[in-house]
K.L.:
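Provided herewith is a single structure, encoded as structure tokens, for subsequent inquiry.
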Amino acid sequence: MKNIIAITNRKGGVGKTTVAVNLAAALAINFKLNCVLIDADPIGSSSLWIEETSIQRLRLKRLTLPNSPSNKSHALQTWGASLSSIALECDIIIVDLPPIDLGVFSELIHQVGYIIIPVGLSSLEWEASFPLIERVISASKDNKKTKGIIVPSRIHPQKILPRDKISEVLPSQWALAPQISLRSDFHKAAEQKDWIGNTAKNSIAHKEINKLSKFIFKII
Ligand SMILES: Nc1ncnc2c1ncn2[C@@H]1O[C@H](COP(=O)(O)OP(=O)(O)OP(=O)(O)O)[C@@H](O)[C@H]1O
Ligand SMILES: [Mg+2]
């Protein structure tokens, strides 16, 4: 469970899949980690993105997050057990999730070691993230050791992220990662169905993903 990182948010379109695919590839390539990217989104965005790419040490598996309203907790536990058994066969798992509600998030905290939340600069996105931040804090009071990582995502290159102010208010269970800015290279990588290190090698976008992967590697 310690080597399972889930990427999620309550909002759609914040860059979850972009971070998941590129981070998984960077961890496999830069740090020679055997990495499994789990596509948990019923839409299958990360599967569509990299299923035909052969990136050394990166495997893709589809394990859709259960969505049945009945017995949700049990279904999520079973899903988590499948994740844990995959985790035994690799160094690290990155889970690309669809937008989820607070109830599912609260269960998820028990199934994974780390939660990455990509958040933009808009107050709407931060307001949607606060309850998730809170849930991790309250879980830690029950001795759950899950850690949270905020990844500033889709940040306009001309805007300055107030990192000091954000770090000041983030509780100790949460870390603030290097930012991923809004770059057309990320969008192109998705269109070309490959990771940024192959589609835009040495670009700013590639360097940002490398920096993020180093940050995550140090934390885990
Ligand atoms: N850093 C970025 N720079 C430029 N475009 C980006 C960036 N991150 C994401 N995008 C684009 O924004 C759109 C949504 O990104 P993505 O699919 O990664 O978000 P998501 O949170 O996974 O969405 P969903 O909730 O639908 O799963 C895509 O068109 C993607 O190419
Ligand atoms: Mg997605």
Side-chain angles (χ1 to χ4, degrees), residues 5-27 36-53 55 58 60-67 79 83 93-102 104-105 108 112 114-122 124-129 131-133 148-161 163 176-213 215-216:
I5 304 179
I7 304 190
T8 189
N9 198 306
R10 290 162 76 203
K11 274 188 95 297
V14 293
K16 297 181 291 295
T17 300
T18 302
V19 170
V21 168
N22 288 296
L23 176 63
L27 287 169
V36 178
L37 174 63
I38 302 280
D39 187 351
D41 190 335
I43 294 171
S45 343
S46 38
S47 306
L48 285 172
W49 188 333
I50 61 151
E51 71 190 341
E52 276 162 32
T53 319
I55 294 169
L58 177 64
L60 176 83
K61 271 188 196 260
R62 278 198 87 159
L63 191 66
T64 304
L65 191 74
N67 200 19
W79 179 83
L83 275 188
I93 290 186
I94 303 285
V95 191
D96 178 25
L97 284 148
I100 58 174
D101 62 34
L102 264 182
V104 172
F105 184 80
L108 189 76
V112 305
Y114 299 88
I115 288 169
I116 287 182
I117 303 191
V119 194
L121 275 178
S122 85
L124 262 182
E125 285 182 34
W126 278 95
E127 274 160 28
S129 305
L132 306 182
I133 294 173
I149 301 162
I150 297 284
V151 174
S153 166
R154 306 173 88 238
I155 306 299
H156 195 284
Q158 268 145 29
K159 291 260 168 78
I160 294 170
L161 185 76
R163 290 190 68 87
L176 179 63
Q179 74 177 52
I180 299 298
S181 45
L182 190 68
R183 307 260 166 204
S184 56
D185 281 334
F186 281 115
H187 194 65
K188 277 187 219 149
E191 278 178 350
Q192 292 174 22
K193 296 184 186 289
D194 208 336
W195 87 292
I196 196 85
N198 279 340
T199 60
K201 199 171 165 59
N202 296 329
S203 62
I204 296 177
H206 182 203
K207 286 178 186 155
E208 285 183 346
I209 287 292
N210 283 346
K211 199 167 166 191
L212 177 64
S213 71
F215 180 88
I216 300 292

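All of these numbers come straight from a predicted model, not from anything done at the bench. Start at 1 and go down the list; that is how both ligands and their atoms are numbered. For reference, positions follow the sequence shown, starting with 1.
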K.L.:
If we ignore hydrogens and angles and just use 3.5 Å, is the side chain of R62 paired with the main-chain N or O of D39 as donor and acceptor?
P.N.:
no
K.L.:
Taking non-hydrogen atoms only, is T17 closer than 4.0 angstrom to ligand 1 via side chain, backbone, both or neither?
P.N.:
both
K.L.:
About how many Å separate CD1 of I115 and CD1 of I150, when rounded to the nearest 0.5 Å?
P.N.:
10.5 Å
K.L.:
For T18 and ligand 1, does the shortest N/O to N/O distance drop below 3.5 Å?
P.N.:
yes
K.L.:
Counting heavy atoms only, which of K16, R10, E208 is nearest atom 20 (P) of ligand 1?
P.N.:
K16
K.L.:
Taking N, O or S atoms only and a limit of 2.8 Å, check whether T17 reaches the Mg ion (ligand 2).
P.N.:
yes
K.L.:
Output the distance between atom CG (N210) and atom CZ (F215), rounded to the nearest 0.5 Å.
P.N.:
15.0 Å
K.L.:
As an exercise, identify every atom of ligand 1 less than 4.0 angstrom from a heavy atom of P99.
P.N.:
25 (O)
K.L.:
For atom 19 (O) of ligand 1, what is the closest protein heavy atom, and at what distance to 0.1 Å?
P.N.:
G15 N, 3.1 Å
K.L.:
Check each of D41, D96, T18 against S46 using the side-chain hydrogen bond (donor to acceptor under 3.5 Å, both in side chains) test, and report the only one that passes.
P.N.:
D96
K.L.:
I180 heavy atoms, cut-off 4.0 Å: which ligand 1 atoms fall inside?
P.N.:
1 (N)
K.L.:
Quick check: do E125 and K11 have side-chain heavy atoms less than 4.5 Å from each other?
P.N.:
yes
K.L.:
Enumerate the atoms of ligand 1 whose separation from the nearest heavy atom of F186 is less than 4.0 angstrom.
P.N.:
1 (N), 2 (C), 3 (N), 4 (C)
K.L.:
Okay, side chain of W49, backbone of T17: is any donor-acceptor separation there less than 3.5 Å?
P.N.:
no
K.L.:
Please work out which of H187, K188, Q179 has its closest non-hydrogen atom nearest to atom 28 (C) of ligand 1.
P.N.:
H187
K.L.:
Below 4.0 Å from any atom of ligand 1, is there a heavy atom belonging to S181?
P.N.:
yes
K.L.:
Return yes if some donor-acceptor pair links the side-chain N/O of S153 with the main-chain N/O of V14 below 3.5 Å, else return no.
P.N.:
yes
K.L.:
Of all the atoms in ligand 1, which lie at a distance below 4.0 Å from a heavy atom belonging to D41?
P.N.:
27 (O)
K.L.:
Is there side-chain contact between S129 and N9, with at least one heavy-atom pair below 4.5 Å?
P.N.:
yes
K.L.:
Is there a donor-acceptor pair closer than 3.5 Å between any side-chain N or O of N22 and the backbone N or O of I196?
P.N.:
yes
K.L.:
Could you say whether the N/O atoms of L182 and ligand 1 ever approach to under 3.5 Å?
P.N.:
no
K.L.:
Distance alone, cut at 3.5 Å: any donor-acceptor contact between the side chains of D194 and T199?
P.N.:
no
K.L.:
Return a yes/no value for S45: is any of its N or O atoms, backbone included, closer than 3.5 angstrom to an N or O of ligand 1?
P.N.:
no
K.L.:
Could you tell me whether D96 approaches ligand 1 through its side chain, its backbone, both or neither, with non-hydrogen atoms closer than 4.0 Å?
P.N.:
neither
K.L.:
Distance to 0.1 Å, residue and atom name: give those for the protein heavy atom nearest to atom 7 (C) of ligand 1.
P.N.:
R154 CG, 3.7 Å
K.L.:
So which bit of R183 gets within less than 4.0 Å of ligand 1, heavy atoms only: side chain, backbone, both or neither?
P.N.:
backbone
K.L.:
Taking only heavy atoms of G12, which atoms of ligand 1 are found under 4.0 Å from at least one of them?
P.N.:
25 (O)
K.L.:
Kindly determine whether E191 and F186 satisfy side chain to side chain contact (heavy atoms under 4.5 Å, CB included), including the steps that lead there.
P.N.:
CA-CA 9 Å; E191 278 178 350; F186 281 115; over 6 Å; no
K.L.:
Is the shortest distance from a heavy atom of G13 to ligand 1 less than 4.0 Å?
P.N.:
yes
